[in-house]
Amino acid sequence: MSNISPRQRTRLAESPSIAPERLAALPADFRFGLSTAAYQIEGAAHEGGRGPSIWDTFSHTPGLTANGDNGDVACDHYHRWPADLDLMVDVGVRDYRLSVSWSRLQQSGFGPLNGEAVEFYRALLEGARERGIRPLVTLYHWDLPQPLEDAGGWPVRATAERFAEYAARTVAALGDLVDDWITLNEPWCSAFLGYHTGAHAPGRRNWAEAVAAAHHLNLAHGLAVAAIRDAAPEALVGIANIVTDIRPRTDGPADIAAAARLDAASNRVFLDPVYLGDYSAQVRSVLGDALISVVRAGDLDVIGAPTDFAGVNHYQRVIAWHDDEGGPLRLGERPAEPATTSFGWSVIPESLTEVLVRVAREFTALPIHVTENGASFHDYLDPAGDVVDLARVEYLRGYLEAVTTAVERGVDVRGYYAWSFLDNFEWAEGYGKRFGLVFVDYATQRRIPKLSAHWYQRLIAERMSQLQPARITA
Ligand code: FCB
């Protein structure tokens, strides 16, 4: 990057990269990307004909987000996207996972798209293309139009049908600019944080509704795959599920069973139907009637429709144990040690290898993209004007090495999209949790690439120079 300070240059020289022979193990078309989501960066909550989503309502309800933070302004990306894309090019990144906002494209959640929103996203996607940036676009990253929540939200089947209609219209409007689509981001969070723990929008606390939401999100994915195939037959389609590495606290049978229940209710309830075509006996027994009562004939064929790649978001290893008082799943859970991010999440790179190997062995032979992985730390702008996020550099090196280990073990991993390009609105945690490779000074909206951005840029450059000779002889 042109603007690296001499001090950052020294720190970078002291920060090892990934060994060339390990880097060379990755497939030639491996993508080194960055990831964001609309509500977390766009701002302009009341502009361009955008309607309220459940996150507007939730974040404006006192007491539900840290410091009462909301996404009204966020990173103001809605107005600053040209400079942001320039910065991405500067960081050397040509693969960008972003999401489009449902409540911007369809204020009330159905009907014709909002022309201003289409114009905005077309300009953004054309801007990406002009800069040689390949977009991977998520249709739903948690911003359900509020009118659809008022009509029942994800616990109601009709929401899945609304989503398929929105997907069809959006892909028809933007499909010439996008080759790769993701239907949903982490339906586990939408269903269980949104409708069971209430930690996320819409903040309901009802187990049966959360389970119904999980099935309807799966159904929404399946219906959207069909809609996307119709609107853009050449497009590649997948879903980004969070896959957590869940371990029992002890090797006693009660804790092992508790870990299996948590796995069923967080990983398998989403992976089973999409990749194996059915809810497993374990998932059916753990979720019981709440699940079985909402599954209709034919749903599993819809949900299991073939996709083109598997998106895996990974953050944590979690420890689980049996606890009769521990809610509907009768368990307790906590992040594994060492819990070292500012979120208290674990930093255990081997977990990513384990998760990738597991997805490939137990669920699907499809190419896998790590569609999110990253960490929040207490980053700050130091007096010299630098952000020296050595912990994130370590994190990225560890987790990218974990990806290469998975590839060496035969897993077909094709991409890694670090979370996140910019510091942004971290949902219920507000702006206090910084995940970006680029620091955002919210008072001025100035962007400052952290040491990790320089490190990632160097890694991508090393990778490019490895590929160059192959290209010339090819
Ligand atoms: C994931 C979300 C993403 C971001 C990261 C930290 O669960 O998909 O939007 O909040 O966590």
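Model, not experiment: these values are computed from the prediction. Atoms within a ligand are numbered from 1 in the order they appear, just like the ligands themselves.
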Exercise. Regarding His196 and Asn206, is there a side-chain donor-to-acceptor distance under 3.5 Å anywhere?
Worked result: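 There is no such pair between these side chains.
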Problem set entry | Shell of residues surrounding ligand 1, defined by a 4.0 angstrom heavy-atom cut-off that is strict |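 Residue list for ligand 1: Gln40, His141, Trp142, Asn185, Glu186, Tyr315, Glu372, Trp419, Glu426, Trp427, Phe435.
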For this session: Please determine which of Asn373, Thr36, Leu136, Val370 meets the side chain to side chain contact (heavy atoms under 4.5 Å, CB included) test together with Tyr417.
Result: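 Of the listed residues Asn373, Thr36, Leu136, Val370, the side chain to side chain contact (heavy atoms under 4.5 Å, CB included) partner of Tyr417 is Leu136.
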For this session: Is it possible for you to check whether Lys450 lies under 6.0 Å from the centre of the six-membered ring of Phe439, through NZ or CZ, and within 45° of that ring's axis?
Result: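 No.
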Problem set entry | salt bridge (charged side-chain N to carboxylate O under 4.0 Å, His left out) partners of Arg205, counting only residues at least two apart |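 Partners of Arg205 by the salt bridge (charged side-chain N to carboxylate O under 4.0 Å, His left out) criterion come out as none, since no residue qualifies.
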Exercise. Side chain to side chain contact (heavy atoms under 4.5 Å, CB included) with Glu116: which residues, sequence neighbours excluded?
Worked result: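 Asn114.
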Table please: side-chain donor-acceptor pairs of residues 45-53 below 3.5 Å, with sequence neighbours left out.
residue: Glu47; atom: OE1; partner: His79; partner atom: NE2; Å: 2.8
residue: Arg50; atom: NH1; partner: Ala45; partner atom: O; Å: 3.2
residue: Arg50; atom: NH1; partner: Asp56; partner atom: OD1; Å: 3.2
residue: Arg50; atom: NH1; partner: Asp56; partner atom: OD2; Å: 3.1
residue: Arg50; atom: NH2; partner: Asp56; partner atom: OD2; Å: 2.9
residue: Ser53; atom: OG; partner: Trp55; partner atom: N; Å: 3.1
residue: Ser53; atom: OG; partner: Asp56; partner atom: OD2; Å: 3.1

